[in-house]
Amino acid sequence: MPAIRAQDVTKRYGSVTAVDRIDLTVEEGEVFGFLGHNGAGKSTTINMLLDFARPTKGTIEVFGKDCQADSVAARKHMGVLPEGYAVYDSLTGREHIEFAMESKGVEGEPFDVLDRLDITHAADRPAGGYSKGMAQRLVLGMALVGNPDLLVLDEPTSGLDPNGAKAMREIIREENERGTTVFFSSHVLEQVEAVADRVGIMHHGTLAAVDTIEGLRETAGGGTKLLITVDTPDEAHIETIEATEGVDSAWLDEDGQFVVTCEDDAKLDVLVALDERGVDVVDFSTEEASLEDLFVEYTRGTA
Amino acid sequence: MSWRPIARREFADVIEGRSMRIGMAFVAFVFVAGGYVAGGSTSGDVATYASQLSGLVPLVVTVFALLVGYRAIVADRAAGRLTLLLTLPHSRWDVLAGKFAARGTVIVGSILAGLLVGGWLVSYPFGTVDGVTFLVYLGATLLFALALFAISLALSTLTASPRRATVGAFAVIVAVLFWRNLRGTFARVLDALGLATPAGGLPDWALFVYGAEPSLVYDRIVEGFVVGRETGTFLGPDAPWYLGGEVAVLLLFAWFVGPLVGGYRRFRGTDL
């Protein structure tokens, strides 16, 4: 049984389509990275997983439980680190963990969880005084209570310093080794690349690509990146470049260089096409395309 | 039964607040003080107790119930605590039931404590307390408080903005307290429309509508069943049945159940 199964899921807010006909299956035991810019529809999708938002169309299931009709049963499988939460100011860290235990109906020692997240020293302090990073670890601790089958982490490393982000990745790995499925979102490619088995790239509410890291690398590696410097860069030239056969896409980077991803043998054609338009090519170079370029290519125009 | 952890946590949180404790003490004090005064004379009984408090109780209970309830959901929602809470396996019903139980306990507890001490003071040293009448007064007052609390809780589910909830709570308090002053205005409006009685008063159907406001309903129950009044446009012998005390009890129940059902349906159906 898949850990997450979304079928034809659409969410509209008025005339805005936040999520557009998503089909996604996350298998049990995998680490799935949900990548995309802020506003791409990642959080809306996670909110539908948690029944915070209801799909306009389509269904989402977690371990076979419908996330809307049978939301509590679905959430019994999940441990969640949501986005935009607040802790209870007057409760201590330990009381937060105890509350999660009580809610999930599990017995246990709160300090086992607090130790693991390295916040034992603050266990008896009100969580209202915690830093963002400590609160983030505390809520992850609440998520881990009861050894959930599925960890859902929405931007888990936001607000964490590099050490905290590293610790977060380690916990994701450890949990995964115990058999927990992990579904986490991020707008930072490196985070996803470091731990995910598979990646889904969200863009403008659609799932632009779903593949393994290796698969994406192959896709990226199959092409070449051409960097062209011209004397007077103009957005209008992008059309000229993209009209050339064998060109995947082209854009203007911050330095005023054209970046073109294309098949190997289309490089010269691009230069010729520009020349025919009377564009003066000052310099050009080629690079092998990276995962980053692929991400940029899938999500261009929103950053 | 997973509303229990929510209720326990909420209760501990609510009674920690200083202003909340002052409010609870004040409400209890009002009922105690009324009992002290009524118990000062040999003719003191539950009816005099209720009459003495009739001017003050609707005001105090309305304000208290609104203040206890209006932030219950919306404050947690705006801050993001509801987001955290609902990542745990709780339904929206659990959340509402937990909040209702915790904050309802605060309201019921304050009034109950005040009325029990007040009732004892009515009987001591000079007055007398009839058990049944006292229980009716207690029940009516608690139901009135819970109805207002239900309204404030419903209000708290209607909006994601604490500021709007504050404005709404203030509007409810003003509406409940000023409604009874509008009788003359209604009569004039109906008179202008040619719908008033020949004497220029409210016809029976309009009296029903006007009298359906919760504090007037509560007044009617107390006057009809506790004080024992049998005169006036509502409780007099010529009044139609639907203006009487029995229907008033049903109306007060409706004010309790209606907002709760509406608030729950709204809360269940909304995106956070």
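All chains are named by letter (A, B, ...) in the order of the sequence lines, taking the proteins before the strands, and each is independently numbered beginning at 1.
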Check this for me: A:R198, atom CZ, are more than 12 non-hydrogen atoms of other residues, nucleotides or ligands nearer than 6.0 Å? yes
Honestly, the part of A:E95 sitting under 4.5 Å from a heavy atom of chain B is neither
(Q) Just checking A:Y13: does its OH atom have more than 12 heavy atoms from other residues, nucleotides or ligands closer to it than 6.0 angstrom? (A) yes
When rounded to the nearest 0.5 Å, the distance separating CG of B:L84 from CE of A:M142 is 4.0 Å
Considering only distance and modelled atom types, tabulate donor-acceptor pairs under 3.5 Å from the side chains of residues 139-155 of chain B, sequence neighbours left out.
from: B:T141; atom 1: OG1; to: B:Y137; atom 2: O; distance (Å): 2.7
from: B:T141; atom 1: OG1; to: B:Y218; atom 2: OH; distance (Å): 2.8
from: B:S152; atom 1: OG; to: B:A65; atom 2: O; distance (Å): 3.3
from: B:S152; atom 1: OG; to: B:F149; atom 2: O; distance (Å): 2.8

query: Are any side-chain N or O atoms of A:R75 and backbone N or O atoms of B:L88, one a donor and one an acceptor, separated by less than 3.5 Å?
result: yes
Distance col, row B:E10:CD vs A:Y88:OH, nearest 0.5 angstrom, shows 7.5 Å
Under 4.5 Å to a heavy atom of chain B? For A:S103 that would be both
Heavy-atom side-chain contact between B:L85 and A:F99 under 4.5 Å: yes
Do other residues, nucleotides or ligands put more than 12 heavy atoms under 6.0 Å from A:R173 CZ? yes
Under 4.5 Å to a heavy atom of chain A? For B:R9 that would be side chain
Does a sphere of radius 6.0 Å around CD in A:E109 hold more than 12 heavy atoms from other residues, nucleotides or ligands, not counting ones at 6.0 Å or beyond? yes
For A:V72 and B:P89, the nearest pair of non-hydrogen atoms, with its separation, is CG1-O, 3.6 Å
OG1 of B:T83 to CG of A:D154, rounded to nearest 0.5 Å, is 10.5 Å
Return all side-chain donor-acceptor pairs below 3.5 angstrom for residues 264-272 of chain B, not counting sequence neighbours, or 'none' if the list is empty.
from: B:R266; atom 1: NH2; to: B:L158; atom 2: O; distance (Å): 3.0
from: B:D271; atom 1: OD1; to: A:R54; atom 2: N; distance (Å): 3.0
from: B:D271; atom 1: OD2; to: A:K11; atom 2: NZ; distance (Å): 2.6

Separation between CG (A:L91) and CG (B:D13), nearest 0.5 Å, reads 6.5 Å
*asked:* Other residues, nucleotides and ligands only: do more than 12 of their heavy atoms fall within 6.0 Å of CZ on A:R5?
replied: no
